[in-house]
Number of protein chains: 2
Amino acid sequence: MDPQPSALSSGAPTGMSTGVRGGASGGAPGGLRERKKIATRQALHEAALRLVLRDGLAGVTVEAIADAADVSRRTFSNYFSGKEEALLYGDRARMRDFLDTIRSRPAAETPWTAMRETMRSLRDTFGARGPGVTAQLRVLRKQPSLIVSQGAIFAELERELTAEFVARGATPALRAHLLAGTCLTAVRVATAQWIEEDGATPLPDLVDEALHILRPAFDD
Amino acid sequence: MDPQPSALSSGAPTGMSTGVRGGASGGAPGGLRERKKIATRQALHEAALRLVLRDGLAGVTVEAIADAADVSRRTFSNYFSGKEEALLYGDRARMRDFLDTIRSRPAAETPWTAMRETMRSLRDTFGARGPGVTAQLRVLRKQPSLIVSQGAIFAELERELTAEFVARGATPALRAHLLAGTCLTAVRVATAQWIEEDGATPLPDLVDEALHILRPAFDD
DNA sequence: GGCAAACTTGCGCAATGGGCAACTTAGGTG
DNA sequence: CACCTAAGTTGCCCATTGCGCAAGTTTGCC
């Protein structure tokens, strides 16, 4: 029915759910319980995506999404705090990927190098999202409350990234924070451009271009 | 009762309300009607601020704010779409100031120069916010939904600023957008730092410092 | 004075988020 | 395997919210 049902989500649901609500509460990684939770979360996400793309954010109720995923409205709340969060599940996953990747870079690398190499190694992940995705994203971008929720993700990411940069020796605090915020702005802006020009240039290339402009300010 | 009732708002409510809901609907600038509207908006804003600082965002209902400002809950909705918007009224006003200022710079100035001069001329406006404000802001910053709504303001600002930079000859689109986003990141980060160190360094100085770091990437 | 536009208010309604308690199920234990 | 416990699901309930609508009320202007 949908050629790319989870085009906007993380390809393979990258584990780590552990406790239907955020709290880490230990659980067998491969257990049935865990797999079911991930499946439910994914189902809710995809249902939300499908319905919202069809009817617009305002035209879809939480109940409708829950129904489409065969769970109760109450259960929806157990997984996501609202429609926005369900829709941005994929973005959150990508955020975790990004953080995991950059954290696993050699500790000796400077912030800028770690950033550059991280983007290089995620090239495939981000570049893989094929055509059609831009069109969908264009629709979703219309919804103000979504952009806003996106902001929450970036804010969190910025905090984490700043900490990572500080750990890599960025000083002073202002510069570390600025570096993190600026890198994320590069990603945001590149993505916006990518959507606008309908994927004409591969996303990773646009990010590279943006980072290249910033290089004179931060490359050590 | 409150030493700085509107510390977070714009000092003098910079006119331009014109139509209780956004839509510009012509109205005498000095008329009683217009003055009442501005007063009501300001009263709602201050009531929101006071109550939220006391009881936390979740601990205050729209109704309580409306009561404190002597209007009905329904009227609150006529002015603001929610608690967050009421709280951020001051930020929106500052955003408009900023845009008005930069737009009125000579058209021949490059984006970077216009930006620098705008910050210089707003130095007093932003620097004037005295001590105590940082403490309040620190409290407000705890509320996730507020940061998120702040993001909405910045997003809008980024769009407008990008357009302004394009008008001033910034190319290509990616660079113009990146420049706008980066400048705003500088402001955001500087403000965060300012709050964190409790106003030790004047905000304008921190913004200058941030912009100085970025200079190598954008100064033409 | 008097009219029209603008604003306020109360009422109603659907949607939402979240607490609570009963029920169901996965996972480990003797 | 029977059994127990913790985790997850669901229905029920309620306070809050955003908004449309249709009176009232006020302001601005001829």
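The structure presented is a predicted model; accordingly, all values stated were derived computationally and were not measured. Residue numbering restarts at 1 for every chain, and letters A, B, ... go by the order of the sequence lines.
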Separation of [X] atom [atom1] from [N] atom [atom2], in whole Å?
X: B:Leu44; N: C:dC7; atom1: CG; atom2: P; value: 15 Å
X: B:Ile65; N: D:dG18; atom1: CD1; atom2: C1'; value: 14 Å
X: A:Asn78; N: D:dG11; atom1: CG; atom2: C1'; value: 12 Å
X: B:Asp70; N: C:dG10; atom1: CG; atom2: P; value: 12 Å
X: A:Tyr79; N: D:dT10; atom1: OH; atom2: C1'; value: 13 Å
X: B:Glu34; N: D:dG28; atom1: CD; atom2: P; value: 9 Å
X: A:Ile38; N: C:dA26; atom1: CD1; atom2: P; value: 16 Å
X: A:Lys36; N: D:dT10; atom1: NZ; atom2: P; value: 10 Å

Revision key, fill the gap. Letter by letter from the 5' end, nucleotides 12-19 of chain C scores (B base, S sugar-phosphate only, - none; protein heavy atoms under 4.0 Å) B--SBBBB
Revision key, fill the gap. Taken in chain and number order and not counting sequence neighbours, the residues that satisfy salt bridge (charged side-chain N to carboxylate O under 4.0 Å, His left out) with A:Arg73 are none
Review point. Phosphate oxygens OP1/OP2 of C:dC7: is one of them under 4.0 Å from a side-chain N or O of B:Lys37?
Key: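 Yes, such a contact exists.
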Candidate nucleotides [options], ranked by approach to the side chain of [X] - the nearest:
X: A:Thr40; options: D:dT9, D:dT10, D:dT27; result: D:dT9
X: A:Thr75; options: C:dT25, D:dT9, C:dA6; result: D:dT9
X: B:Arg33; options: D:dT26, D:dT10, C:dT8; result: D:dT26
X: B:Ser72; options: C:dT9, C:dC7, D:dT9; result: C:dT9

Practice item. Determine whether the side chains of A:Thr182 and B:Thr185 contain a donor N or O and an acceptor N or O closer than 3.5 Å. Key: no
Practice item. Would you please name every residue forming a side chain to side chain donor-acceptor pair (under 3.5 Å) with A:Thr162, sequence neighbours left out? Key: none
Exercise for review: Give a yes or no on this: more than 12 heavy atoms of other residues, nucleotides or ligands lie within 6.0 Å of atom CD of B:Glu160.
Suggested key: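 Yes - once you tally the heavy atoms of other residues, nucleotides and ligands closer than 6.0 Å, there are more than 12.
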Point to revise | CD/A:Gln143: more than 12 non-hydrogen atoms of other groups inside 6.0 Å | key: yes
**Study point:** Carboxylate-amine/guanidinium contact B:Arg168 B:Glu164, below 4.0 Å
**Key:**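 Answer for the salt bridge query: yes.
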Exercise for review: Would you mind checking if A:Arg138 and A:Glu196 are paired as a salt bridge, meaning a charged N to carboxylate O distance below 4.0 Å?
Suggested key: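 Answer for the salt bridge query: no.
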